[in-house]
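Remarks on the structure that follows.
All values below were derived from every heavy atom in this structure, side-chain atoms included, with hydrogens, water molecules and symmetry-related copies excluded.
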Amino acid sequence: MIENPIMKNEMIKFQRQRDEMVRRQLEARGIADPAVLAAFRNVPRHLFVSEALMDQAYGDFPLPIGEQQTISQPYIVAEMTQALELKKDDRVLEIGTGSGYQAAILAEIVFRVYTIERIHSLFVKSRRLFDQLRYHNIVTRYSDGTTGWTDESPFDAIIVTAGSPSIPQVLVDQLAMGGRMILPVGDQHSQELIRLVKDEEGIHQMNLGGCRFVKLVGEYGWKEL
Ligand code: SAH
């Protein structure tokens with residue numbers, strides 16, 4: 001319960017901005033999965049950026065989150081989430097926790113989210129926020145995500161939110177039968193969003209178009225500097 005009238009006004013303001021973001025940036029561009037749209041109406045995106053940027057949090061663009069990393073534009077988060085074709089009881093692996101926003105969106109939709117971050121300060125900050133917002137179905141880990149999370153595999157879906165030079169085979173190996181994976185693949189300046197499905201016949205790949213992400217740095221990603 002919110003007793004403080006100033007806080008209550010803030011909440012109403014941000015809820016209004018969220019509803020508008022969903023209408024103008026997502027529905028208008030073809031995002032139609034009701035579970036995805038509901039998640040975007042619920043997750044308080046402004047809490048995933050610094051206080052100075054809160055008023056821009058629902059804009060149609062990415063924002064800096066420190067450590068030279070970014071929280072992706074709402075539309076790209078929605079497009080990737082929708083492309084995973086998630087079901088309620090899915091277990092999903094995310095590589096690149098960053099602000100934690102994408103993980104929170106996933107956590108609204110599926111049973112459990114496993115997310116890996118390689119920068120310690122972002123790992124700590126996002127964990128704290130997940131606890132505050134009571135996302136108890138998000139499991140976090142501080143490590144190089146390019147090798148996946150063997151102990152918890154296989155996953156129904158895997159999402160990589162940093163740009164990779166190629167598709168890491170270890171991640172494909174950690175996909176369940178019928179599993180979906182989405183990741184940006186390309187050079188350091190621009191990538192293609194690749195969607196991959198694993199079934200009895202093998203791996204099926206589809207290109208969803210151009211995108212731009214920060215680097216995936218690790219054993220099966222880019223080498224550090
Ligand atoms: N999903 C994030 C977007 C984060 S930007 C969000 O919703 O805010 C990409 C993140 O991937 C950065 O935080 C970066 O540190 C992280 N990253 C890059 N390479 C990684 C790796 N090998 N393992 C885990 N995280 C990685």
Side-chain angles (χ1 to χ4, degrees), residues 18-49 57-63 65 69-117 126 129-130 133 135 137-140 145 155-164 171 174-176 178-185 191-198 205-214 216:
R18 265 200 305 281
D19 292 343
E20 192 177 308
M21 166 188 81
V22 167
R23 269 199 315 277
R24 293 199 186 169
Q25 299 175 37
L26 310 188
E27 288 180 312
R29 292 180 189 145
I31 304 296
D33 183 332
V36 175
L37 296 170
F40 276 82
R41 282 191 201 98
N42 280 343
V43 178
R45 181 171 162 97
H46 61 282
L47 299 181
F48 292 81
V49 300
Y58 297 98
D60 194 12
F61 36 75
L63 287 168
I65 56 170
Q69 307 301 320
T70 54
I71 176 174
S72 303
Q73 174 193 12
Y75 176 73
I76 190 92
V77 178
E79 186 189 20
M80 291 172 84
T81 307
Q82 180 167 270
L84 289 175
E85 294 181 359
L86 299 169
K87 292 180 288 297
K88 255 190 165 146
D89 56 357
D90 279 350
R91 295 167 66 255
V92 181
L93 173 67
E94 179 195 28
I95 321 286
T97 315
S99 68
Y101 181 67
Q102 171 77 73
I105 292 286
L106 294 168
E108 293 269 340
I109 303 170
V110 302
F111 170 66
R112 189 156 290 157
V113 178
Y114 299 83
T115 183
I116 309 176
E117 174 55 54
S126 58
L129 191 54
F130 296 147
L133 297 175
Y135 284 114
N137 60 337
I138 300 179
V139 188
T140 53
F155 298 97
D156 302 297
I158 299 179
I159 176 170
V160 182
T161 62
S164 182
L171 296 183
Q174 292 181 22
L175 260 189
R180 294 82 58 200
M181 173 155 121
I182 185 143
L183 78 170
V185 180
Q191 304 94 31
E192 307 282 329
L193 208 49
I194 303 296
R195 179 176 189 270
L196 190 148
V197 178
K198 186 193 258 189
Q205 216 174 293
M206 201 176 128
N207 189 333
L208 302 182
C211 58
R212 193 184 167 141
F213 280 82
V214 297
L216 179 75

Given R41 and E108, is the salt bridge (charged side-chain N to carboxylate O under 4.0 Å, His left out) satisfied, shown in steps?
CA-CA 10 Å; R41 282 191 201 98; E108 293 269 340; over 6 Å; no
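Using a 4.5 Å heavy-atom cutoff, the side chains of Y135 and T140 are not in contact. Side chains of Y75 and I31 form a contact here, defined as non-hydrogen atoms less than 4.5 Å apart. Two residues are said to be in side-chain contact when any heavy atoms from C-beta on lie closer than 4.5 Å; F130 and T97 meet this criterion. When side chains are defined from C-beta on, L37 counts as touching E27, because their heavy atoms get closer than 4.5 Å. The shortest side-chain heavy-atom distance between I116 and L93 falls under the 4.5 Å cut-off. The shortest distance between side-chain heavy atoms of F40 and R18 does not fall below 4.5 Å.
When all heavy atoms of V92 and F155 are compared, the closest pair comes out as C-CD2, 4.1 Å.
Salt-bridge formation is not detected for the pair E79/R195: no Lys NZ or Arg NE/NH1/NH2 atom is positioned less than 4.0 Å from an Asp or Glu carboxylate oxygen.
Each of T115, I138, V113 was compared with L106 under the side-chain contact (heavy atoms from CB on, under 4.5 Å) criterion, and only V113 meets it.
Every residue two or more places apart in sequence or in another chain was checked for a side chain to side chain donor-acceptor pair (under 3.5 Å) with S164, and none qualifies.
Q82 places a side-chain N or O within donor-acceptor distance of the main-chain N or O of D33, the cut-off being under 3.5 Å.
No more than 12 heavy atoms of other residues, nucleotides or ligands shown are found within 6.0 angstrom of CZ on R24.
Cation-pi check for R45 over Y58 is not met; the charged atom does not lie both under 6.0 angstrom from the ring centroid and within 45 degrees of its normal.
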